[in-house]
Amino acid sequence: METNQDLSLAQEQTGQPDGKVGRRRMLKLFGLGALSVAPLPLLPSVLSSALTPSKGPTRSDYDPALAPNGRVRRWTMIIDLRYCDGCQSVGKPPQCTTACIEGHFAPEPMQWIEVFEADLHGGGTQFIPAPCQQCQNPPCTNVCPVGATFATPEGSILIDQTRCIGCRICMAACPYDRRFFNWGDAPQPPEAMLAHYDVEHQTPARKGTVMKCDFCPDMARAGTLPYCAQGCPNKAIYYGDLEQDVATNGKDIVSVSRFLSEHEAYNLKEDLGTKPRVYYVPGHGEFVGRDSTKKGRMATVWPWVQRAKGAKTWKR
Amino acid sequence: MEAIGPWRQRLEDTTYAPIERTSKVYWIWLSFLLAVIAWGGYAYYVQVRDGLIVTGLRDRISWGFYITNFVFFIGISHAGTLISAILRVSKAGWRTPVTRMAEFITVVALCCGALFPIIDLGRPDRIQNVILYGRWQSPIIWDVVAITTYLTASITYLGLPMIPDLAIFRDRTAGWRKWLYSVLAIGWTGETRQRSMLATIIATMMILIIPIAVSVHTVVSWIFAMNLRVGWNSTIFGAFFVAGAIFSGVATLVIVMAILRKIYHLEEYILEKHFVYLGYLLAAMALIMIYGNLSEFITAGYKMEVPGGSLAAGTEFHLRELFLNQFAGFYWYYFVGGLVVPPLLILIPWTRNIWGVVAAAFLIDVAMWIERYFIVVATLRVPLMPYEPRNYGPTWVEWSIIAASFALFGLLITLFVKIFPLLAIWEITEQREESEAAITESSPGARPQLAGEPAGGAV
């Protein structure tokens, strides 16, 4: 009945009772109806990109740290593998991982910086501590449907756990296996619940969201090295600023550009084009007396798991 | 035209029969489906309460059964588009008795499939963020846009050709159904002006829906192909997914058609030739799938790339697991049982009948589910860093929710046949009138058998 009314209305308005206009109008109604419903989910992003200047997936609620030349800091990390023996000489689990877990309350089984043992040509092995590589062409932020993971002006990749919907496409996208999901209520010590949640600290952990190494920009701004760099007994981890071209392991100060080129530093999986901000100096612990054929390291422990009441852990 | 009278009456009666009579078996079947769905609902409640820890998913294989099922159901939804739109565009007259079921499978499969990315979410309570903060750079947003567009178009495309049939039902019923059909038939009287209008709208929609359908499954494949992963980083993914979608969609249509034909006695309209014709389509698609497999794996396997050098495992690990190790049993079932045997069943004259085609379709559907599983799980299992590959095994929660999705698929079809016309009465009639007219014109003496006509009998 509605259709007939529409048709007669169309005829009245145009004064052409031959039905031709009515058909057009009907077509238009159907067409517009279908078209107007279909792209609804796109509307908000179209509107927001039309109303705000587009800067890509970059978001910041704070003033970024500035180098003395007035430009924004670009945090970087250099890991000198010549000094890394996977803490074999210390006789403990890798101390960078331990320090990070204690500082960030990283829930078991998350190792935001994880010490992998990779084969060398010729039979020996090397240890590779791998934090989030802080890519400058980050595959993870590209695919996030809600902009929950994003690059800060300083170039660090962070995750907003209050926005993350837990679709885990960023975990599929990361070529370094550096993203971790809160599959259940994460085991954290009771004092973690007192923390004021911040994207730069990610505590307390939230069920159903992704976490990872945040590159400790809050600590750097306060003039402290990240937990991992502090924890390394061999001072293998340098942290610094590409803008000011300076980095330190807490003992020595180096010029980043000179250090990288003189020691033939490289990135992990350079061929993928992700442009990491974490650099490696090739080696296998030879400067701290490690024999490359001595394999194995101690397993990581989460020291406060006993204190995390009622929490369940899981395996990666 | 007089000869059409009793024939047309019989067609209307047959189509109306499911609405008039409901057997005891129907209610038992309905309660069974509802029980399975309720159990799946409980499993989902457990998952929301405790988190995804109750599934077999973990960091290193973070997508599993849910995403597999999502891809499978979106694939099934291509049945309607192919049969209905492509055969309509190419004016294949034999399509008329099967279009309605095909279009309906599309809508139902889309509804079932679209649930799964949501079930897979760690935070379903934040689903509104997709609208509030949606970024068009993300393949997931492409999916949301493509699937909602396809669902809108499919519902429209299901509804439009149903209008004249709903009007027939409206004139036959009383009570709440009459009210429902009056609303849905939007004042259809069957006059010439309305007919030509409807023809124009259907013609527009059938052209529109083909590119939409192709885009939907291409975009679904891009959720994978946009990632830097061995096995996903492939240009053939979009095309391969569309081919697989049509393949599994037609197979599902064959199965649903065979069941409904048996239960609602549609033997007069859905003939053996419909199964055989759809079987030919399946055979052709099977060959395309074999070609796609070859094309995908040989371009990767010839070079054996290892992205990231000694840190990561590469193509060799992926193909070895697929062809020889962990996934080999299922892979070779998929290849032989899903791609080689079905076309043989269809093409060999002894098995070229309804049972042969239905058996082939069943093999294909099982194989295509497995294929989707490989795409998701076998690829995610390839280690990215030097660690032991992790294994994935679904838990009871995942099995229950998957079972519930198939029950939901069955439930929606079960309810549909009780409300809507199962056959496109006016299209079948039109087709018969057309072919009768054509035959009378060309050779009034000799007439081949028409759809719905008893063998050798004159009408």
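Below, chain A is the first sequence line, B the second, and so on; all start at residue 1. Note: hydrogens, waters and symmetry copies are ignored here, and every other heavy atom, side chains too, is used.
Looking only at atom types and distance, the side chain of S292(A) has no donor-acceptor partner in the side chain of Q126(A) under 3.5 Å away. Side-chain contact, Q111(A) with T300(A): a donor N or O sits under 3.5 Å from an acceptor N or O. Checked by atom type, the side-chain pair W222(B)/D143(B) shows no donor-acceptor distance below 3.5 Å. Neither side chain, T315(B) nor E305(B), offers a donor N or O lying under 3.5 Å from an acceptor on the other. Side chains of Y150(B) and S215(B): no donor on one and acceptor on the other come within 3.5 Å. No side-chain donor from either of Q133(A) and Y279(A) sits under 3.5 Å from a side-chain acceptor of the other.
Heavy atoms closer than 4.5 Å to chain A are found in the backbone of V48(B), but not in its side chain. Heavy atoms closer than 4.5 Å to chain A are found in the side chain of W232(B), but not in its backbone. The part of E114(A) that comes within reach of chain B is its side chain, from C-beta onward, which places non-hydrogen atoms under 4.5 angstrom from that chain. Interface residue D177(A): backbone and side-chain heavy atoms are both found under 4.5 Å from chain B. For a residue to count as touching a neighbouring chain, one of its non-hydrogen atoms must lie under 4.5 Å from one of that chain's; by this rule L151(B) does not touch chain A. In this structure, the portions of L121(B) lying under 4.5 Å from any heavy atom of chain A include both its backbone and its side chain. Contact of T204(B) with chain A is made through the side chain alone, with heavy-atom distances under 4.5 Å. For C140(A), no part sits under 4.5 Å from any heavy atom of chain B, backbone or side chain. Of the atoms belonging to I223(B), heavy atoms from both backbone and side chain fall under 4.5 Å from chain A. Heavy-atom distances place no part of T125(A) under 4.5 Å from chain B, backbone and side chain included. With a 4.5 Å cut-off on non-hydrogen atoms, F116(A) touches chain B through its side chain but not through its backbone. Interface residue R390(B): only side-chain heavy atoms are found under 4.5 Å from chain A. No part of L120(A) comes within reach of chain B, as not one of its non-hydrogen atoms sits under 4.5 angstrom from that chain.
Of the listed residues (Q161(A), E270(A), R178(A), H121(A)), the one with the most heavy-atom contacts under 4.5 Å to chain B is Q161(A). Residue with the most contacts toward chain A among V183(B), T379(B), L228(B): L228(B) (heavy-atom pairs, distance under 4.5 Å). In terms of heavy-atom pairs under 4.5 Å with chain A, the best-connected choice from D125(B), I61(B), L57(B) is L57(B). Heavy-atom pairs under 4.5 Å with chain B were tallied for A172(A), P109(A), P175(A); the largest tally goes to A172(A).
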Subject >> Stepwise side chain to side chain donor-acceptor pair (under 3.5 Å) check, R123(B) with N129(B) >> reply: CA-CA 10 Å; R123(B) 295 302 295 248; N129(B) 285 6; over 6 Å; no
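Aromatic pair F237(B)/F241(B): ring centres closer than 6.0 Å.
Here the CZ-CD1 distance, from F180(A) to I159(A), works out to 10.0 Å after rounding to the nearest 0.5 Å.
For the pair R58(B) and F181(A), the cation-pi criterion (under 6.0 Å, within 45° of the ring axis) is not fulfilled.
A salt bridge links R168(A) with D120(B): the closest approach of a Lys/Arg side-chain nitrogen to an acidic carboxylate oxygen falls below 4.0 angstrom.
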